[in-house]
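Note that the coordinates shown come from a computational prediction; the quantities given were computed from them, not determined experimentally. Only heavy atoms go into these numbers, but all of them, side chains included; no hydrogens, no water, no symmetry mates. Naming convention: chains lettered A, B, ... in sequence-line order (proteins, then strands); numbering from 1 in each chain.
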Number of protein chains: 2
Amino acid sequence: MKSNNSFRSALNCYIKHPEKYPNDVLYYDSDFTVVYDKYPKAQVHLLVLPRDLIKTTQSPFLVFNYKNDPDKVFQNQLLLCIEKTKPIAIQQLVIKFPFLIQQSLNFDEYFKVGFHAIPSLSNLHVHVISKDNLSERLKTKKHYISFNSPFLLNLYDLIKNNALNQRDINSDEFFNIAKEMKKIMAQDMKCWKCGLNFRNDFKKLKDHLVIEANAIYKEDREKIKS
Amino acid sequence: MKSNNSFRSALNCYIKHPEKYPNDVLYYDSDFTVVYDKYPKAQVHLLVLPRDLIKTTQSPFLVFNYKNDPDKVFQNQLLLCIEKTKPIAIQQLVIKFPFLIQQSLNFDEYFKVGFHAIPSLSNLHVHVISKDNLSERLKTKKHYISFNSPFLLNLYDLIKNNALNQRDINSDEFFNIAKEMKKIMAQDMKCWKCGLNFRNDFKKLKDHLVIEANAIYKEDREKIKS
DNA sequence: GAATCATAAC
DNA sequence: GAATCATAAC
Ligand SMILES: [Zn+2]
Ligand SMILES: [Zn+2]
Ligand SMILES: [Zn+2]
Ligand SMILES: [Zn+2]
């Protein structure tokens, strides 16, 4: 056990008093808060935080688990909040790349939405993140893999009644998940776009991500021209 | 003993074939090569490499050691090469900060010249480095301390007949030096300009270095205006 | 010399 | 979650 776990509650302030952090909070209502990730791992990286005091404490594996009698009302509220977050995320991308045209951007082409299988921060949070992974804050293999492997639990996969959320969630199962994820973290790094294998060469991957970002964010402009 | 020490000879190509590396080499003659440090730890960071095949293998403590009958001809050649390097370094700084006026810059106010007490690369090299330590490549406490402590052997101090170069250079003495330097590396990080103590908070130091660099490189412009 | 990985302490 | 420190392998 760690001596001081207060950092694990770093997001709690945003669900408790979203009105106090106008520089960090992009949107809030009675049920959700949307904030910038303080250490963004891509050009756009937002967090969607359920404000419900029970839900916020739950594991992403548990909160939608079928054996746990999933709260369909909550699921639909969350999906609705994600729909509200999509244009916000797109707008953030357009701020970074003014040549992009907001109305023509397909969210699914540019973004991913999901939970980390083993979050470090205890308040339940959905990552809404652009696919580029172009960021100074992306500093380690673990950062990259955590968004480009089964460590990222796609929100829509999780909500479906599939293998992901039919696991028995007991401490044995959490131990198994931890073991799986450790294996996943040890795998090679591959480009999210073209699949090129960078093995453990993080620096080369970083250089390549610049090229891919230039391509996707310019390509769109070219498409618009033609 | 390390299994593969080839990285220690990374600078050898520049003294062997300076003409082959026009992108890296700023100046060379029959006795010296001046190159960009490949991982600059400040806005301007150059290396002066003696091309003599004996001198290049020597330790900075040994090459000027009085008990070792110092080669005064070599010393003077090196000092002359440093004099040639000074305007080059100043020019590099002006390229980064075009508001600076080349002719009015006092080298000693903006730069340091010296050896690392315990170099990682085996070819003898003098660092000519701007004092700012503002660089993305400055990533660790050791990087910073290595230029802001007795780990940096000031060239002119070393040439003087003083305590620094009167040490008996045997393996016992090298062991003592290594122990001293380890202590030095464990000390707090302090701002090179104002002396503010950042202890082990490297991130805060980095932020502060931005402020100090803005001040020194703008200050000069103000002086010129008045 | 840099970079990857593991490990505390917060 | 980030950041400091230590340790291999190159
Ligand atoms: Zn997380
Ligand atoms: Zn690619
Ligand atoms: Zn060196
Ligand atoms: Zn200062």
Centroid-centroid distance, B:Phe147 to B:His45, less than 6.0 Å = yes
Which is true for [X] with a 4.0 Å heavy-atom rule: it touches a base, it touches only sugar-phosphate, or it touches nothing?
{"X": "B:His127", "answer": "sugar-phosphate"}
{"X": "B:Lys142", "answer": "nothing"}
{"X": "B:Lys204", "answer": "nothing"}
{"X": "B:Lys38", "answer": "nothing"}

Find the distance [X]:[atom1] to [N]:[atom2] and express it as a whole number of Å.
{"X": "A:Asp207", "N": "C:dA3", "atom1": "CG", "atom2": "C1'", "result": "13 Å"}
{"X": "A:Asn4", "N": "D:dG1", "atom1": "CG", "atom2": "P", "result": "18 Å"}
{"X": "B:Asp188", "N": "D:dT4", "atom1": "CG", "atom2": "P", "result": "13 Å"}
{"X": "A:Arg199", "N": "C:dA3", "atom1": "CZ", "atom2": "P", "result": "20 Å"}
{"X": "A:Asn5", "N": "C:dC10", "atom1": "CG", "atom2": "P", "result": "12 Å"}
{"X": "B:Lys139", "N": "C:dA3", "atom1": "NZ", "atom2": "P", "result": "5 Å"}
{"X": "B:His143", "N": "C:dA2", "atom1": "NE2", "atom2": "P", "result": "4 Å"}
{"X": "A:Lys203", "N": "C:dG1", "atom1": "NZ", "atom2": "P", "result": "17 Å"}

Looking only at side-chain N and O atoms, does [Y] offer a donor or acceptor that is under 3.5 Å from a partner on [X]?
{"X": "B:Tyr27", "Y": "B:Asp29", "value": "yes"}
{"X": "B:Tyr144", "Y": "B:Asn133", "value": "no"}
{"X": "A:Asp188", "Y": "A:Asn200", "value": "no"}

Assert: residue with more 5' nearest nucleotide on DNA chain D, out of B:Ser6 and B:Lys182, is B:Lys182
What would the secondary structure line of DNA chain D be in dot-bracket form, counting Watson-Crick and G-U wobble pairs under 3.5 Å, with [ ] for pairs that cross earlier ones and | for pairs with another strand?
-> |........|
Of all the choices, [options], which nucleotide is nearest to the side chain of [X] once you look at every atom?
{"X": "B:Tyr39", "options": "C:dT4, D:dG1, C:dA3", "result": "C:dA3"}
{"X": "B:Asn200", "options": "C:dT4, D:dC5, C:dA2", "result": "D:dC5"}
{"X": "B:Phe202", "options": "C:dG1, D:dT4, D:dA2", "result": "D:dT4"}
{"X": "B:Lys141", "options": "D:dC5, C:dT4, C:dC5", "result": "D:dC5"}
{"X": "A:Ser120", "options": "C:dG1, D:dT4, D:dG1", "result": "D:dG1"}

Ring-on-base stacking between A:Phe7 and D:dA2, under 5.5 Å between centres and under 30° between planes: is it there?
-> no
Is B:Lys160 salt-bridged to B:Asp157, going by a charged N under 4.0 Å from an acidic O?
-> yes
Ionic contact status for A:Glu83 with A:Lys86, cut-off 4.0 Å | yes
With a 4.5 Å limit on heavy-atom distance, are the side chains of A:Val35 and A:Thr33 in contact?
-> yes
OP1 or OP2 of D:dG1 sitting under 4.0 Å from any side-chain N/O of A:His116?
-> yes
Test salt bridge (Lys or Arg N to Asp or Glu O under 4.0 Å) applied to A:Arg51 and A:Asp31, step by step = CA-CA 5 Å; A:Arg51 297 182 64 187; A:Asp31 300 315; over 6 Å; no
